[in-house]
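Shown next, in structure tokens, is the structure this report addresses.
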Amino acid sequence: MNASLHLWLIPLLPFAGFLVNGILGSRLPKRLVTTVALLAPLASFCVVLSAALAAFGSGSVVSLPYIETCPLGWINAGTLHVDFSFVLDQLSLIMLLVVTGVGFLIHIYSAGYMAHEDGYWRYFSYLNLFLFFMTVLVLAGNALLMFVGWEGVGLASYLLIGFYFQRKSAADAGKKAFIVNRIGDFGFLIAMFLLLGNFGTLTFSKIGASLAMNPAWQGGVLTVIALCLLLGATGKSAQIPLYIWLPDAMEGPTPVSALIHAATMVTAGVYMMARMHVLFDRSPFALDMVAIIGAATALFAATIGLVQTDIKRVLAYSTVSQLGYMFLGCGVAAYSAAIFHLVTHAFFKALLFLAVGSVIHGLAGEQDLRKMGGLRKKLPITFAVTTVGVLAIAGIFPFAGFFSKDAILYAAFVQGPGGKVLWFVGLVTALLTSFYMFRLWYLTFMGESRSHDAHPHESPWSMLGPLVILALLSIGGGWIGIEHFGAYLAPVVGPRSVEAGSASLELMLSILAVVVALLGWFVADRFYRQRPETPQKLAAALPAGYNLLSNKYFVDEFYGATVVKPLFAVSKFVLGWVVDAGLIGGAALLLAGVSKLAGAILQRWQSGNLRSYAAWLAAGAAAVLLFFTVPWATVLSNFGIHLSMAGH
């Protein structure tokens, strides 16, 4: 392999940008802050691109994986040896291209979107820090180094989601994301302890080699490890039951939503399962759980998205739903299809979030769909790119989302009776996705204007340029096809496991999926263009169902009543009464009593009475004489106490 790749530069360059802007940014001119912030991810992307060209370009194919290990080592404690090693293979290369490429476009967009915000330098330092930790996560050659990146993106997301920390809602959203993810991270930690106990290593290649030498090793502790990893993945990738942090993450700036929801943090759980697929493949039960959680989350989040009125929140629940598709793909062992959808989703979801940001920018911060409408002519470029994104996520041929979503549904269908149930859930979810995304499209761009802002305006080209690029990727990103994508990833995740069907079956299912997507479009057109009064009548006719969906099934309220309030009560008792009043308060009272007693004694000594001083002096002199004249050894020996003289 070409030793000049220098993989360490990929994370180091964004980290350098973070240090420069984080330390000096408040004293640097805005133009220089922007230059540093954009050059860091651009340089990182160029290094990744050079690695891709070195690996697969210029007619010179070189061997993968390529491993770079820090010559100074990392952890050597007894039998535990963990290297600080980066691994470049087919899977990490694809992820790096997406993370750095889409991440760079979001950085460009941010320069226009955040131009007039306070804390401009702070925002970009956090953005570079996020990219640093995400690239570490992707490049990691072992579970411990991956966990460093895993925790790092959690920290950076906390800082970015709570960027507007003066607003209580933003500060609360950042804390919610951080705390909920710690629950999932606990599962990741337990999995690492179990890996060390059973394999003696955390290195992915060594774990895979150990399993290859023991083909009969199935289930048991491997299931426990896989389920612990699944818990970590549900936290990071916002799946049931730990999805609740992601919709509230909308409190951060819109480009942050695009970065976190599209190409980076929330895809980390999917990437981790694909990276550790050798463990999941040995546990059918764990795979079933992954598939069930994915399908359930996809449908659950899609139903909530049907009635949301905040334009960013619609996309948030859409992200949760699309991640459910990726989990479904992993659960049926179609890892290449899951990663394929991860890539196309990065294109069209980043496009949609940034396009929505352009709408919000043009409406002076308005996010309520009920106060939009009629923007098609006033924001023509934003309208065009949003249309591409909506067609892609709806699964309309020939846009990118059609190919990747269809690959997952087909993989589920050929898995037997259980797989067909999962396929049906996925198909219903596709119908709902098409409906609520075209609902967003109609309410935003069609009909009469309902905006209080009389002068909506198009965004600058610093924002529109990345949108056009992402729109092109959303159009052509799926044409690589799952066959080529699966063959490319086969050395890492294994060959494409879906061989039970036929070309005719796949074509038939693809046509059915497109028909379902068109049906969702037709219903949205009927509700929001032809008969716009219908949604209100339907909500009035079914108030219980509408309230259930609009209040998101009251899940946050349920967690608040069953988890948050009891924890507060226990914490108040333990910390307030036991620790604070009991230990700390008791210790304070004891010290106060001792001080008071000592003061009383000293007060008696320092009375100011000469006769009292003379009496104390006489008593002290008598005590000294008594000590030196009385034969204490003889006296004590009479009581059975014998003193040994030093040196006797």
Taking only residues two or more places apart in sequence, or in another chain, which ones meet F178 in a ring pair (Phe, Tyr, Trp, His ring centres under 6.0 Å)?
->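 Partners of F178 under the ring pair (Phe, Tyr, Trp, His ring centres under 6.0 Å) test: Y158.
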Would you mind reporting whether [Y] and [X] have side-chain heavy atoms less than 4.5 Å apart?
X	Y	answer
L279	F199	yes
M265	N181	yes
T297	F327	no
M250	F353	yes
M272	K236	no
L137	Y271	yes
Y123	L127	yes
L145	D83	no

Any side-chain donor-acceptor pair under 3.5 Å between Y553 and T303?
->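 Yes, side-chain donor-acceptor contact under 3.5 Å.
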[atom1]/[X] to [atom2]/[Y] distance, rounded to the nearest 0.5 angstrom?
X	Y	atom1	atom2	answer
Q239	L231	CD	CG	12.5 Å
Y488	L91	OH	CG	8.5 Å
W423	L509	CH2	CG	6.0 Å
I225	R282	CD1	CZ	12.0 Å
I190	L195	CD1	CG	11.5 Å
L342	Y335	CG	OH	15.0 Å

In a check of side-chain hydrogen bond (donor to acceptor under 3.5 Å, both in side chains) between S318 and each of H345, K349, R313, Q308, which one passes?
->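 Of the listed residues H345, K349, R313, Q308, the side-chain hydrogen bond (donor to acceptor under 3.5 Å, both in side chains) partner of S318 is K349.
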Nearest atoms (heavy-atom pairs only) where A400 meets A392 |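 A400 and A392 have their closest heavy atoms at N-CB, 4.4 Å.
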What heavy-atom pair brings A177 and I161 nearest, and what distance separates the two atoms?
->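 Smallest heavy-atom distance, with atoms named: CB-CD1, 3.8 Å.
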Would you say the side-chain atoms of [X] pair up with the backbone N or O of [Y], donor to acceptor, closer than 3.5 Å?
X	Y	result
S283	G219	no
S210	K206	no
T203	S205	no
Y325	G426	yes
W150	A143	no
K405	Q322	no

Output field: ring centroids F403/F340 closer than 6.0 Å =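 Not under 6.0 Å, so no.
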For the rings on F18 and F15, is their centre-to-centre separation under 6.0 Å?
->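 Between F18 and F15, the centre distance is under 6.0 Å.
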Would you mind writing out the side-chain donor-acceptor pairs for residues 559-570 within the sub-3.5 Å range, not counting sequence neighbours?
from : atom 1 : to   : atom 2 : distance (Å)
Y559 : OH     : P241 : O      : 2.9
T562 : OG1    : F558 : O      : 2.7

Neighbour count above 12 (heavy atom, 6.0 Å) for K420 NZ |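 Buried by this count: over 12 neighbours within 6.0 Å.
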More than 12 heavy atoms of other groups within 6.0 Å of F424 CZ |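 Result for CZ/F424: open.
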Derivation of the ring pair (Phe, Tyr, Trp, His ring centres under 6.0 Å) call for Y317 and Y436 | CA-CA 10 Å; Y317 281 103; Y436 68 68; 9.3 Å; no
What residue among T201, N142, L202 forms side chain to side chain contact (heavy atoms under 4.5 Å, CB included) with I207?
->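 Going through the options one by one, the only one that passes is T201.
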Between L7, L13, L12, which is the residue that forms a side chain to side chain contact (heavy atoms under 4.5 Å, CB included) with I10?
->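 Single side chain to side chain contact (heavy atoms under 4.5 Å, CB included) partner of I10 among L7, L13, L12: L7.
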Expected list for residues 92-105: side-chain donor-acceptor pairs under 3.5 angstrom, two or more places apart:
from : atom 1 : to  : atom 2 : distance (Å)
S92  : OG     : V87 : O      : 3.1
S92  : OG     : D89 : N      : 2.8
S92  : OG     : D89 : O      : 3.3
S92  : OG     : D89 : OD1    : 3.0
T100 : OG1    : L96 : O      : 2.6

Going through the checks in order, is the side-chain contact (heavy atoms from CB on, under 4.5 Å) test met by L131 and H107?
-> CA-CA 10 Å; L131 206 59; H107 276 69; 4.2 Å; yes
L139 vs W8, side-chain contact (heavy atoms from CB on, under 4.5 Å): CA-CA, chis, key distance, verdict = CA-CA 9 Å; L139 281 168; W8 54 273; over 6 Å; no
